[in-house]
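For ligands, and for the atoms within them, numbers begin at 1 and follow the listed sequence.
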Amino acid sequence: MKQIKIEGGNTLSGTIAISGMKNAAVALIPASILCDEQLTITNVPNISDKSALVEIIKLLNGKVSENGSTLEIDTSQIENATIPESLSSKLRASYYFMGALLGRKKHVEIYFPGGCNIGNRKIDFHLKGFQLLGATIEEVDDKYVLHAEELKGATIPLDFASVGATINIMLAATKAKGRTIIENAAKEPDIINVANFLNNMGAKITGAGTDKIIIDGVDYLHKAEIEVLPDRIEAGTYLILGSLIGKELKITNIVKEHLDALLSKLIASGVQMDIKDNEITIHGHESLKAINVKTLVFPGFVTDWGQPMSVLLSQCNGTSIFEETIYENRMGHVPYLNKMGADMTVKEQTIYINGPTNLHGQTVVASDLRAGASLVIAGLIAEGNTIINDADHILRGYEKIVEKLTNVGAKIELHDIN
Ligand code: EPU
C-alpha cells in the first residue's frame, strides 16, 4: 500500500505544469487497437492507469515503446485474447477495449471493468449502443462476450450524455459499415481528443464536442499522431489548492476554456487570479465567501472537481451547499474531512458545509481517486501532520503529485507500506 505523509501549513509558490489528461489518455491508448499501422501519442501522463492499459495492449500482441511522455504503439499485428480480471478490474477505462476490439476484430472477451467505487456506474448505454451496431452480448460469470459478424451504422440515442458510452460507441462505429449517429452525445474535451486521433488515422467523424456525432465507417486506419490535451481535473485540483494556500502560484499548460466553470466559482468566492489562455497565476485571497456548487456535464462544473472543491468550501465564511448530480456515491471523503475538523453534513447527494473551520492533521484513507486528492489538499492546509492511507488511488490519476507539490514548497512524502 502507498501512504502519503503531509506536514501542513506551508504557503505554496512557484510553478506547477499540468500533465496530459488522464481521462483522454485512457481512451486514446485503447483507441490505438483500431489502427492498422503505427501510432504516436505524446503528452501521456505517467500514471498507474496508463501502465495497466499498456499491459492490455501487449497482451493483445501490440508493441509499445515508451520514451518519457511519448508512447509509440504498433497494433498492426493485434490478436484477440481474453482480457483477464487481473487487468480489466484495475481501472474503469479497460471498458474502452470493448468498442475498440469489437471494431477491429468483431469479437471481445473481457472481464468486468474496475475503477473508483463512486456509484453504480452501469455500462448499459455502451452495451445498448454495441447491440444497435449489430453485436450480440453475453454475460458469462463476470465476463462480457461481444460478437458481431458485421457492424452496421445505426442511430444511437443516449439516455444520458455519458462520456464513456459516447467514446466507446464512437470506437466501435469507426470501422462499421455506413453511418452512425450518436444523439445526446457527451461534449467533454476528452471526446474531441479521441475523435481527432481517429480522424488523424483516417476515420470520418464530425460533430465531436457537440451533442450529435456522425461517424461514417472506414475500412482501414493508417499511421497517425496525437497529443493528449492538458488535464482539466488535475489543473482544477491545483487551482483549488492554490486558492487556499497559493501565493503567486502559477499553473501552466492549461486550456482556460476547459476551466471556466471552476474559475467563475473561485472568483465568486473571492480568489484573486491572473487568468491567461494557457496559464493562471493565483495571487491569494482575503476572506472567502460561501458559495453554492452543483456538478454538471461539460461545460458545467465537472464532478471530478467536486471533492477537492468541498475542502475549499470548508474554508469559506458561511454555509455553502454542494450538490453532486452525476454519481450516487461521491461522498467518501466527507467523514475524513470531518475527522480533520470540517463541519459537513451529507443529505442524499448534497453536502451542507459550514465554514470556516480550522483543519488539523489526522490519519485518513483515500477511498477513491478524487477523495484522495481532496485529502491531499486538506492535509496541506491543516495544522500538523496528516497520513493518507490507500494513496495508490491518488497515483492512478495524478502524475508526479509529490514532486510537483514539493517543488512549490509543500512538505509531502510518498511511502510504500507493507
Ligand atoms: N451511466 C449509466 N450507464 C452507462 C454509462 C453511464 O447509467 O452506460 C451513468 C453513470 O453511472 C454515472 C453517469 O452516467 O452516474 C456518468 O457516467 P459517464 O459515462 O459520463 O462517466 P464515465 O465514462 O464512467 C468518465 C470518467 C470519470 C468522470 C466522468 C464524468 C473515465 C475512465 N472516467 O467516467 O472520471 O467522472 O467521465 O466526466 O474517463 C475520475 O477521473 O475520477 C473519474 C471518475
[Y]/[X] salt bridge by N-O under 4.0 Å criterion:
| X | Y | result |
| --- | --- | --- |
| Lys2 | Asp416 | yes |
| Asp392 | Arg396 | no |
| Asp36 | Lys175 | yes |

Polar contact flag, side-chain donor to acceptor under 3.5 angstrom, Glu183-Thr155: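 Result is no, nothing qualifies.
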Could you find the nearest protein heavy atom to [atom] and give me its residue, atom name and distance?
| atom | value |
| --- | --- |
| atom 17 (O) of ligand 1 | Tyr327 OH, 3.9 Å |
| atom 8 (O) of ligand 1 | Phe125 N, 2.8 Å |
| atom 31 (C) of ligand 1 | Asn23 OD1, 3.5 Å |
| atom 19 (O) of ligand 1 | Ser162 OG, 2.5 Å |
| atom 11 (O) of ligand 1 | Arg121 CA, 3.2 Å |
| atom 6 (C) of ligand 1 | Lys122 O, 3.7 Å |
| atom 36 (O) of ligand 1 | Asp304 OD1, 2.7 Å |

contact_flag [X] ligand 1 heavy-atom lt 4.0 Å:
| X | answer |
| --- | --- |
| Glu234 | no |
| Trp305 | no |
| Ile118 | yes |

For atom 3 (N) of ligand 1, the option (of Asp190, Asp124, Thr295) bearing the nearest heavy atom: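 Comparing heavy atoms across Asp190, Asp124, Thr295, the nearest one to atom 3 (N) of ligand 1 lies in Asp124.
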Pick from Val163, Leu127, Thr303, Ile326: the one approaching atom 18 (P) of ligand 1 most closely through a non-hydrogen atom: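 Shortest heavy-atom distance from atom 18 (P) of ligand 1: Val163.
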Check: Phe160 N/O within less than 3.5 Å of ligand 1 N/O: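 There is no such contact.
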Test salt bridge (Lys or Arg N to Asp or Glu O under 4.0 Å) applied to Glu279 and Lys250, step by step: CA-CA 7 Å; Glu279 65 176 45; Lys250 196 185 270 190; 3.6 Å; yes
Residue of the set Arg92, Glu85, Lys90 for which side-chain contact (heavy atoms from CB on, under 4.5 Å) holds with Pro113: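 The side-chain contact (heavy atoms from CB on, under 4.5 Å) with Pro113 is passed solely by Arg92 among Arg92, Glu85, Lys90.
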Partners meeting salt bridge (Lys or Arg N to Asp or Glu O under 4.0 Å) with Glu399 (sequence neighbours left out):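 Partners of Glu399 by the salt bridge (Lys or Arg N to Asp or Glu O under 4.0 Å) criterion come out as none, since no residue qualifies.
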More than 12 heavy atoms from other groups under 6.0 Å of CZ on Arg179: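 For Arg179, atom CZ is not crowded (no more than 12 foreign heavy atoms under 6.0 Å).
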